[in-house]
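On a predicted model such as this, the values are computed, not experimentally measured, just so you know. Lettering follows sequence order; numbering is per chain, from 1.
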2 protein chains.
Amino acid sequence: MTEIRQPTPRRGTNLPRMGDFNLTVILEAIRRSSGGLSRVELAQIVGLSPQTISNISRRLLDQQLIVEAGKEGSGPGKPRTILRLNPAGMYAVGVHLDPAVITFVVLNLLGDVVRHSRMATPGGDPAGVITSIAEQIQVLIEESGVDATKIAGLGVAVPGPIDLDEGSVVEPPLLTRWNRVRIREALTEATGLETLVDKDVTSAAVAETWAGGASGAGSFVFMYMGTGIGCGIVLNDEVVRGTSGNAGEIGHIVVDPDGPLCDCGQRGCVKSSAIPQVVVAEAQEAGVLDGRHEGSDGPEVQERFAELCDKADAGDEKAIAILAKSATLVARAVSVVTNTLDVERVVFGGPFWGRVSPYFLERVPALLDTNNAARMIHGLEVVGTGVGEDVGAIGAACLVLEHTLAPRAQRLLLEG
Amino acid sequence: MTEIRQPTPRRGTNLPRMGDFNLTVILEAIRRSSGGLSRVELAQIVGLSPQTISNISRRLLDQQLIVEAGKEGSGPGKPRTILRLNPAGMYAVGVHLDPAVITFVVLNLLGDVVRHSRMATPGGDPAGVITSIAEQIQVLIEESGVDATKIAGLGVAVPGPIDLDEGSVVEPPLLTRWNRVRIREALTEATGLETLVDKDVTSAAVAETWAGGASGAGSFVFMYMGTGIGCGIVLNDEVVRGTSGNAGEIGHIVVDPDGPLCDCGQRGCVKSSAIPQVVVAEAQEAGVLDGRHEGSDGPEVQERFAELCDKADAGDEKAIAILAKSATLVARAVSVVTNTLDVERVVFGGPFWGRVSPYFLERVPALLDTNNAARMIHGLEVVGTGVGEDVGAIGAACLVLEHTLAPRAQRLLLEG
DNA sequence: CGAGGGGCATCAGTGACTGAGATCCGGCAG
DNA sequence: CTGCCGGATCTCAGTCACTGATGCCCCTCG
């Protein structure tokens, strides 16, 4: 039963903590490099002496987290031995519990997907769903064929709100019956794996830091375009979770003064103006999509949204205008967040991102730049995630990798 | 010439860093306690062994940062020796450069104001203003009578935007002619003091962590009610500055769909709907304040705003309604920030806070609670700062104390 | 006035990082 | 083919912060 969140009274540190921390620092440097690093390069990058690097490298080699991969000799002298991550050195299982679909992945140390599966989210009792999830996890692990002793744990991404202390799901809007369900305990019990629970948007941000390459470094906001809209926050390479793990709730940022009334009492909240369901409804009203107004449930919306994108791709002006408006509205919300946090980058992703990315990438950067309060000082990079559609589940698995291997400041401090 | 901001490639740590860090941890524990702590209590709180605490205490005593202050004997056994901060152990000078007024303070280690002065902000050339500031600092230090060798440095709080790397002021809306003025260099040169520059709202947040008592711990947002509106952000006891030091720009959060058009193109931004200048204008239109529409400059607004508050205090319904509306609008903006960051507390402060506090404290907590996305998990505390009106200048001085003595994770890492 | 108990210091002991020097490894000139 | 050279890495102490064990000190209470 591990805790993600930080205790408030700041505690001291000691020698073993320091050693472990430096180990993770070196691992991170190797991880973030493309193509591995030699010991000498590591010494320069992390600022430790070559001897220390050697010692820690040995520990990493013993733990099979890294491997020596060839030599790089340029000029005279002994060629440098390149150290790379050992993909098979550690694995993590990730589950994304979405109101519509549950996604499962097994990740290796590089953050690559080794195995993956999906199932429609069963509607019944949470306890039953959890049992199904646990079963599916066992199947997945077997199918993947990975060494079970190398599996560091299980990460679970769930819709907010959550209670990080309890490891529970607290009444998410689209998962009725999930009221304070302690999914962490339940899955630890059922699978025997150390389990971490976090919000889907936070998980997506963690995925970006671990598997997203260059765009996952530094300070950024991950805009998650799913059934709803939310963001994950990373500042100086560390994820921001907030007091209870609920950071990133941006749904009620007002972006459209003429927008529809929201349940919060204001008009034009981004969650009631720019989420796929609303966009689809708008398209229907405008006659871009035909009038069948059957269901507003997950798959239905997804399908109709895809239809709208198809039309836009085919050049339908009205469809394009609708997507463009949605991009404008989302950009306003993003501006609020980026101005509040002064990040250097915005990463878009999530299940609905793939289809709308051209329309967003064409408009959002300029809009953000115009509204950037720090415009005179630095620009604001806008990119789509390289992690892909399963970013929720991949992020869930990355929660485990991050918790185990990332150089979090928290790792240095003594426990309460 | 010190840098506040963090380098991105995370670097390792070593023994001396660890020792220094633990020293700051212990100092912080003593600082945050009311009335000092014994060595045994410290050992429990920070998690280090009693021996280590003893050793570090000795270092702190040698540096005269703490003093042994009496004994506390309850029951049998040797009574505990209480360790307290030594107020005279360190001093810091703070300057708040506001468009209307420049405030100077000298702070002791406890964060108490030892000496303080003000001057109207001269309108001329920035270079001339900086010279005046430097002169005034010398005068203040002399008048304060503190041991000059104990002055750790100079902190300067300025309106944003700033460039933290350059230590410069970058075209703030109300300080024309201040275009990329490298005030940090200039004041280091002119005063001989190590100088730190930061945004006024960030400084205010730092003031709260250092001199604000219990409300300055953990994760909170400091809402600074000044000529404009902005916020400082503290997460897990560490200030969030952002990539370039410009975090906390929340002026363009939309809070009033029927509000006035803002220069950003949207309607009802908090900075164009709820800042004192606008509130005063509104009161004038409503006939609560008489029609003289002379100046909209700093002192004028301040005076008329005070007049409005007087009327409200006297029971004028219309005046109260206007302040109540302003509270509602500000609360909406605060909700956006608290939901984005999931903090546990909102601290209000700034020059205009004192007068409006009763009207805000009566309404804002309930409004925030209603909009709190994590309502089911934890509440949201709302308090007024205990630091007072000079929170900008005090915060500026606290920048120095924080930089020198706070247990920032950054302190552990090797330099680039 | 002595026993008891808690606070605190002293003294080694551990272990992570560091500096100096040795060793290893390949390229290159002779 | 051999020896030289330069750079990478390893070996071996050395330093220093934290820790565990031990003992002194000081106050309260019987």
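Among residues at least two apart or in separate chains, salt bridge (charged side-chain N to carboxylate O under 4.0 Å, His left out) pairs with a member in residues 36-60 of chain A are A:Asp20-A:Arg59, A:Arg39-A:Glu68, A:Glu41-A:Arg80.
Comparing D:dA8, C:dT18, C:dT10 by their nearest atom to the side chain of A:Arg80 picks out D:dA8. Relative to the side chain of A:Ser54, the nucleotides C:dC17, D:dC10, D:dT19 differ in distance, and D:dC10 lies closest.
Of the residues in residues 14-40 of chain A, those placing a heavy atom less than 4.0 Å from an atom of DNA chain D are A:Asn14, A:Leu15, A:Arg39, A:Val40, in numerical order.
In this structure, B:Gln51 and B:Arg59 both approach DNA chain D, and ranking their closest nucleotides by distance from the 5' end singles out B:Arg59.
For A:Asn14, the side-chain contact (heavy atoms from CB on, under 4.5 Å) criterion is met by A:Pro16, A:Arg17, A:Leu414, not counting sequence neighbours. For B:Ser33, the side-chain contact (heavy atoms from CB on, under 4.5 Å) criterion is met by B:Leu37, not counting sequence neighbours. For B:Val67, the side-chain contact (heavy atoms from CB on, under 4.5 Å) partners are B:Arg84, B:Asn86, not counting sequence neighbours.
Contact between the side-chain N/O atoms of B:Thr52 and the OP1/OP2 oxygens of D:dA17 is not found at any separation under 4.0 Å. In terms of phosphate contacts, A:Thr81 brings a side-chain nitrogen or oxygen within less than 4.0 Å of OP1 or OP2 of D:dT9.
One can place CG of B:Asn55 at 15 Å from P of C:dA12, the figure rounded to the nearest angstrom. In this structure, A:Glu68 atom CD and D:dA8 atom P are separated by 15 Å, rounded to whole Å. In this structure, the CG atom of B:Leu412 is 14 Å from the P atom of D:dA17, given to the nearest Å. At whole-Å resolution of the value, CG in A:Leu42 and P in C:dT18 are 14 Å apart. The CD1-C1' distance, from A:Ile56 to C:dA16, rounds to 8 Å in whole Å. Between B:Arg58 atom CZ and D:dC16 atom C1' the separation is 15 Å, expressed in whole Å. With rounding to whole Å, B:Arg11 atom CZ is found 15 Å from C:dC17 atom P. What separates CG of B:Leu83 from C1' of C:dC8 is a distance of 11 Å, to the nearest Å.
A salt bridge links A:Arg241 and A:Glu402; the closest N-O separation between the charged side-chain nitrogens and carboxylate oxygens is under 4.0 Å.
Between the side chain of A:Arg411 and the main chain of A:His403, a donor-acceptor pair closer than 3.5 Å is present. Here the side chain of A:Asp163 pairs no donor or acceptor atom with the backbone of A:Ser244 at under 3.5 angstrom. Judged purely by atom type and a 3.5 angstrom limit, B:Arg31 has no side-chain atom pairing as donor or acceptor with the backbone of B:Leu85.
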Give every pair of a protein N or O atom and an N or O atom of nucleotides 22-27 of chain C that lie under 3.5 Å apart, one pair per line with the distance.
unit_1	atom_1	unit_2	atom_2	d
C:dC25	O2	A:Lys78	N	3.4

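Using a 4.5 Å cut-off on side-chain heavy atoms (C-beta onward), B:Thr209 and B:Arg32 make contact.
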